[in-house]
Number of protein chains: 2
Amino acid sequence: MAVWRVLAERGFQGLTLRAVAAEMGASTGLLTHYFPSKRALLKHALDVLEQQAAERPRPAAERAGDAKGLAMLRAVLLDILPLDRENADGNRIWVSSWDVALADPELAAEHAERYRRARENMTRLVADAQRLGELPADRPAGDLAAAAQSFVLGLVVQALFAPQEFPPARQTELLDAYLAGLAAG
Amino acid sequence: MAVWRVLAERGFQGLTLRAVAAEMGASTGLLTHYFPSKRALLKHALDVLEQQAAERPRPAAERAGDAKGLAMLRAVLLDILPLDRENADGNRIWVSSWDVALADPELAAEHAERYRRARENMTRLVADAQRLGELPADRPAGDLAAAAQSFVLGLVVQALFAPQEFPPARQTELLDAYLAGLAAG
DNA sequence: CCAGGTACGTAACAAACGTTTGGTAGGTAC
DNA sequence: GTACCTACCAAACGTTTGTTACGTACCTGG
């Protein structure tokens, strides 16, 4: 999608009707034919963002195969981190989207819903790990999932700003140490 | 500062020369007299943002008094979280700033430096806690500080998007559980 | 007193923006 | 055949943007 290409090159600041139209070799009239307003295009851009996130390669999860429990949770979290260029680009766009999303209540609600779903998925993985005895069962799975998502989200932000201080190896170590703390706690 | 008021009302998207000029009852000519370009104003806005963050009230830290170690670390982290309206507003602006910062290498570097300093402070607190035996000493203080900052940063983002799912009480609980895990690990 | 710099305001600039208008081409229904 | 709808383009609209040019107070040092 042209919207995605524009986002990758210019970010949300550069997501203008003209830029998208030019990227797909069309006119701005075409865009307004499909999107009644700029907000509609922004909304669509966030959908595209989510779709791209869903379809992106997940090397760690693939390597984990059909593993269950803690190993799968680790793989999912690892695949979120900006360990390579593509994931760093995707995460940069994602972080940028927080600005436009927070400025518009409806877009914020949609974003909140996306994160809620992500937490839900993660909660399932945590519950699996608890059932396998890999994680303590004395804390609600939802809390552990929310905590894990927070940790990874924050690590993404820090790694984006200071990639030399948070090279892939250190990101992995920090995540593993976090998970080890969860398992021990 | 007028810049701060504009940021609070319209965010970074609405930070225009005219908006700032109107907010301080002056003309755009005045602004260009002090800021050679919009980028300079943006740079200044990020400075103001940092200054506001430095000068904002820190109820938890004050309540903690001259406590040391883990208690002080907890207070500092608590004061970051969006537990009330003012801190939520400040955090919203802060998160929004990531968009403009990530789009400009120089601004990104300045932001990275800010977070590095914050981690440095937190590293000192962690080291204190380790010396007091409140946190295990088998992990580098820098790693623990980076991990704690990641956790809090991510929790801020999630709480901003889903305030009803992350009310102050739950934010506090999640943070305490995280710190307990650190201490036990 | 007066030269010169600092501190502003006024006004305009070109560019870019989102949006609107008017029109063309092609397909479909009757 | 003709009425109508969808898909699209070209062009312009009015507004807002960052920036610049120019004028005028005010102050200060000599």
Side-chain angles (χ1 to χ4, degrees), chain A residues 1-51 92-93 95-111, chain B residues 1-51 92-93 95-111:
Chain A
M1 199 59 89
V3 172
W4 177 254
R5 261 170 286 147
V6 173
L7 279 182
E9 284 176 31
R10 320 216 218 171
F12 270 91
Q13 311 245 36
L15 186 73
T16 69
L17 297 181
R18 280 170 176 77
V20 175
E23 182 68 35
M24 55 192 263
S27 68
T28 67
L30 168 64
L31 279 180
T32 63
H33 182 65
Y34 290 103
F35 304 105
S37 72
K38 169 86 184 267
R39 259 190 91 251
L41 195 155
L42 264 181
K43 224 162 147 172
H44 176 68
L46 294 184
D47 282 342
V48 169
L49 190 55
E50 181 182 23
Q51 182 188 342
R92 204 187 328 273
I93 297 177
V95 170
S96 289
S97 79
W98 293 342
D99 180 34
V100 299
L102 282 176
D104 186 305
E106 189 181 342
L107 301 183
E110 293 183 13
H111 245 37
Chain B
M1 201 57 91
V3 173
W4 176 255
R5 260 171 286 146
V6 172
L7 280 181
E9 284 177 30
R10 320 218 220 168
F12 270 91
Q13 311 245 32
L15 186 74
T16 69
L17 296 181
R18 281 168 178 80
V20 175
E23 182 69 35
M24 55 193 263
S27 68
T28 68
L30 168 64
L31 280 179
T32 63
H33 183 65
Y34 290 103
F35 303 106
S37 72
K38 169 88 185 265
R39 261 189 90 251
L41 195 156
L42 263 182
K43 224 162 146 172
H44 176 67
L46 294 184
D47 282 342
V48 169
L49 191 56
E50 181 181 23
Q51 182 189 343
R92 203 186 330 271
I93 297 177
V95 170
S96 289
S97 79
W98 292 343
D99 179 34
V100 301
L102 282 176
D104 186 305
E106 188 179 342
L107 300 182
E110 292 183 14
H111 245 37

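So you know, we letter chains A, B, ... as the sequences are listed, proteins then strands, and number each from 1.
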By salt bridge (charged side-chain N to carboxylate O under 4.0 Å, His left out) - contacts of B:K43 (at least two apart): B:E106, B:E110
Sequence neighbours left out, cut at 3.5 Å: what donor-acceptor pairs do the side chains of residues 5-17 of chain A make with other protein atoms?
from, atom 1, to, atom 2, distance (Å)
A:R5, NH1, A:E23, OE2, 3.0
A:T16, OG1, A:A19, N, 3.0

Summary of ring pair (Phe, Tyr, Trp, His ring centres under 6.0 Å) pairs that have at least one residue in residues 21-40 of chain A, sequence neighbours excluded: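 Ring pair (Phe, Tyr, Trp, His ring centres under 6.0 Å) check on residues 21-40 of chain A returns A:F35-A:H44.
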Nucleic acid contacts - residues 95-107 of chain A versus DNA chain D, non-hydrogen atoms under 4.0 Å: none
Applying side chain to side chain contact (heavy atoms under 4.5 Å, CB included), name anything that partners [X], two or more places apart in sequence or on another chain.
X: A:A21; result: A:T28, A:L31
X: B:A109; result: none
X: B:S27; result: B:L30

Residue list, side chain to side chain donor-acceptor pair (under 3.5 Å) with A:W4, at least two apart or on another chain: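 A:W4 satisfies side chain to side chain donor-acceptor pair (under 3.5 Å) with no other residue.
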Residues that A:T32 engages under side chain to side chain donor-acceptor pair (under 3.5 Å), provided they are two or more places apart: none
Contact state string [nucleotides 16-25 of chain C, B base, S sugar-phosphate only, - no protein heavy atom under 4.0 Å]: -BBBB-----
Residue pair B:V20 / B:M24, side-chain heavy-atom distance below 4.5 Å: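 A side-chain contact exists here, since the closest heavy-atom pair is under 4.5 Å.
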What protein N or O atoms touch nucleotides 5-7 of chain D N or O atoms at under 3.5 angstrom, if any, and at what distances?
from, atom 1, to, atom 2, distance (Å)
D:dA7, OP2, A:H33, NE2, 3.4

Closest heavy-atom pair and its distance - B:P36, B:A40: CD-CB, 3.8 Å
Between P of C:dG9 and CG of B:L31, the distance in whole Å: 9 Å
